[in-house]
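In what follows, a structure is listed as structure tokens, so that the remarks can point back to it.
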Amino acid sequence: MEINLLDLIKQYKSIQNEIDSVVLKVLERGQYILGPNVEAFEEEIAEFTGTNHGIGVANGTDALLLTLKAYDIGEGDEVITTPFTFFATAEVISQAGAIPVFVDIDKDTYNMDINKIEENITEKTKAIIPVHIFGQPVDMDKVLEIAEKYNLIVIEDACQAIGAEYKSKKVGSIGHAACFSFFPTKNLGCYGDGGMIVTSDNSIVEKLNMLRFHGQRVKYHNEMLGYNSRLDEIQAAMLRVKLRYLNEWNNKRNYLAKKYNEKLINLPLKTPKEIDNIKHVYHLYIVQSEERDELIKFLKKSGISTGVYYPIPLHLQEVYKSLTYKEGDFENSEYCSKRTFALPLYPELKEKEQDYIIDKIKEFYENK
Ligand SMILES: *Cc1c(COP(=O)(O)O)cnc(C)c1O
């Protein structure tokens with residue numbers, strides 16, 4: 001049996017007629033940038049997340065960058081985030097001219113350890129970017145409490161967690177603003193790049209709209225330096241179709257995760273831990289193993305693809321040498337980077353495929 005970590009074609013095939021038909025409509029209408037589908041999709045995502053505004057942009061990275069810019073965060077500022085995330089989270093802080101300040105993670109949830117935020121706040125701290133990593137929300141109450149105490153902006157990096165909930169609120173509606181990515185592999189993925197900012201902070205909406213469009217409010221009147229960063233009309237049309245399936249797909253991910261948890265129980269393999277009062281959307285199903293590399297090799301030989309997230313925590317990345325972090329600074333992130341990896345989990349994964357993966361993992365440990 002051959003099982004990929006993810007199978008995008010299977011998902012496309014399951015909704016092919018709907019997708020093809022909306023694409024053709026966009027092609028025939030002839031409005032390819034900031035058309036009616038982008039506008040409608042912005043409203044639909046705002047409604048879905050329980051926020052007032054959605055601003056479609058070119059990708060999740062730009063969503064984060066433009067949000068930092070909209071809050072005037074840059075030179076001389078510090079932004080607190082996690083070193084155990086996709087590089088873009090920290091990259092945009094640096095691109096904005098500010099300095100990323102890392103806070104170690106919790107070894108069970110892989111999310112930022114909220115008890116270590118406060119000790120990293122200085123006079124220069126302007127914002128916190130909590131990342132809902134792998135689809136599990138950060139324990140946001142504490143983050144908001146600290147932010148309020150020190151007057152900080154909270155920007156949720158919700159790129160991996162669309163549809164996840166914290167205390168019955170959708171992620172994206174908890175901080176001042178939040179960012180989503182529609183990269184093809186995300187829980188709501190398009191067929192190319194795409195991203196969105198959601199917020200209920202009316203004070204940044206106009207600026208975000210200008211930032212994504214060369215700093216102009218009126219065509220050819222450039223009031224500030226901006227970017228060319230729009231969500232494509234054609235992508236928005238396809239995303240509107242897929243949004244209608246998102247709950248069903250997220251529930252299926254949740255169901256498959258619970259089955260993995262149950263079946264992998266008594267093995268020397270650590271399965272994901274959920275905090276209370278949340279809905280996890282399992283963008284990735286991450287396990288921890290002391291024999292990770294050996295196990296990955298064994299699964300590969302059995303036709304099962306896996307992926308290592310994340311092999312190098314951001315404080316140890318070449319590009320961040322200048323920040324002078326060193327090995328040992330964030331023990332939990334480093335510990336996890338040597339042990340964690342993802343098993344195949346996506347809505348189209350068949351039960352017999354999952355059973356095969358479970359059997360192979362058991363076989364690996366039986367023969368050890
Ligand atoms: C995917 C991702 C991003 C960046 O999104 P792109 O659309 O690829 O630019 C940022 N942060 C996290 C946590 C992500 O997973």
Side-chain angles (χ1 to χ4, degrees), residues 5-6 8 38 41 45 54-69 79-96 100 102-103 105 109-112 127-138 140 143 154-164 171-172 174-175 177-198 208 211-212 227-232 235-236 238-239 242 250 253 280-286 307-315 317 319 333 336-337 340 342 345-346:
L5 182 59
L6 184 62
L8 295 174
V38 170
F41 182 57
I45 290 288
I55 299 99
V57 293
N59 52 65
T61 306
D62 280 2
L64 288 161
L65 178 63
L66 268 56
T67 306
L68 288 169
K69 290 275 178 185
V79 178
I80 291 177
T81 194
T82 163
F84 201 66
T85 175
F86 180 59
F87 179 57
T89 316
E91 185 181 30
V92 293
I93 297 170
S94 306
Q95 287 288 13
F102 297 119
V103 167
I105 58 165
T109 63
Y110 312 114
N111 271 325
M112 186 194 265
I128 305 173
I129 305 186
V131 181
H132 307 302
I133 204 75
F134 308 137
Q136 164 145 251
V138 172
M140 290 297 289
V143 176
V154 176
I155 303 167
E156 295 173 67
D157 181 338
C159 287
Q160 300 188 0
I162 193 160
V171 301
I174 304 162
C179 300
F180 292 112
S181 163
F182 307 119
F183 187 78
T185 62
K186 302 287 158 98
N187 287 29
L188 180 62
C190 59
Y191 299 90
D193 278 306
M196 189 166 302
I197 302 139
V198 293
L208 285 168
L211 280 166
R212 73 172 172 181
Y227 299 86
N228 175 1
S229 182
R230 279 109 32 168
L231 175 63
D232 280 341
Q235 300 296 349
M238 296 186 280
L239 283 163
K242 293 185 75 171
N250 278 342
R253 286 175 183 271
H280 194 323
V281 292
Y282 290 95
H283 170 58
L284 290 168
Y285 183 85
I286 297 289
V308 171
Y309 300 88
Y310 289 95
I312 306 171
L314 301 188
H315 67 288
Q317 292 287 351
V319 64
S333 301
C336 293
S337 70
T340 51
L345 185 147
Y346 45 91

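For ligands, and for the atoms within them, numbers begin at 1 and follow the listed sequence.
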Note down each nitrogen or oxygen pair, ligand 1 side and protein side, whose separation is under 3.5 Å; give only atom names and the distance to 0.1 Å.
from, atom 1, to, atom 2, distance (Å)
ligand 1, 5 (O), S181, OG, 3.3
ligand 1, 7 (O), G60, N, 2.8
ligand 1, 7 (O), S181, OG, 2.6
ligand 1, 9 (O), G60, N, 3.3
ligand 1, 9 (O), T61, N, 2.8
ligand 1, 9 (O), T61, OG1, 2.5
ligand 1, 11 (N), D157, OD1, 3.3
ligand 1, 11 (N), D157, OD2, 2.8
ligand 1, 15 (O), Q160, NE2, 2.9
ligand 1, 15 (O), K186, NZ, 2.9

Using the side-chain hydrogen bond (donor to acceptor under 3.5 Å, both in side chains) criterion, which residues pair with Y346? Sequence neighbours excluded. none

Holding to side-chain hydrogen bond (donor to acceptor under 3.5 Å, both in side chains), I want the full list of residues that pass it with H280, two or more places apart in sequence or in another chain. none

Using 30° and 60° as the class boundaries, would you call the ring planes of F134 and Y310 parallel, tilted or perpendicular? parallel

Does A58 offer a backbone N or O that forms a donor-acceptor pair with the side chain of S229 under 3.5 Å? yes

Whether T81 side chain and I129 backbone form a donor-acceptor pair below 3.5 Å: yes

What side-chain donor-acceptor pairs closer than 3.5 Å can you find for residues 184-194, not counting sequence neighbours?
from, atom 1, to, atom 2, distance (Å)
N187, OD1, H283, ND1, 3.0
N187, ND2, N250, OD1, 2.9
N187, ND2, V281, O, 3.0

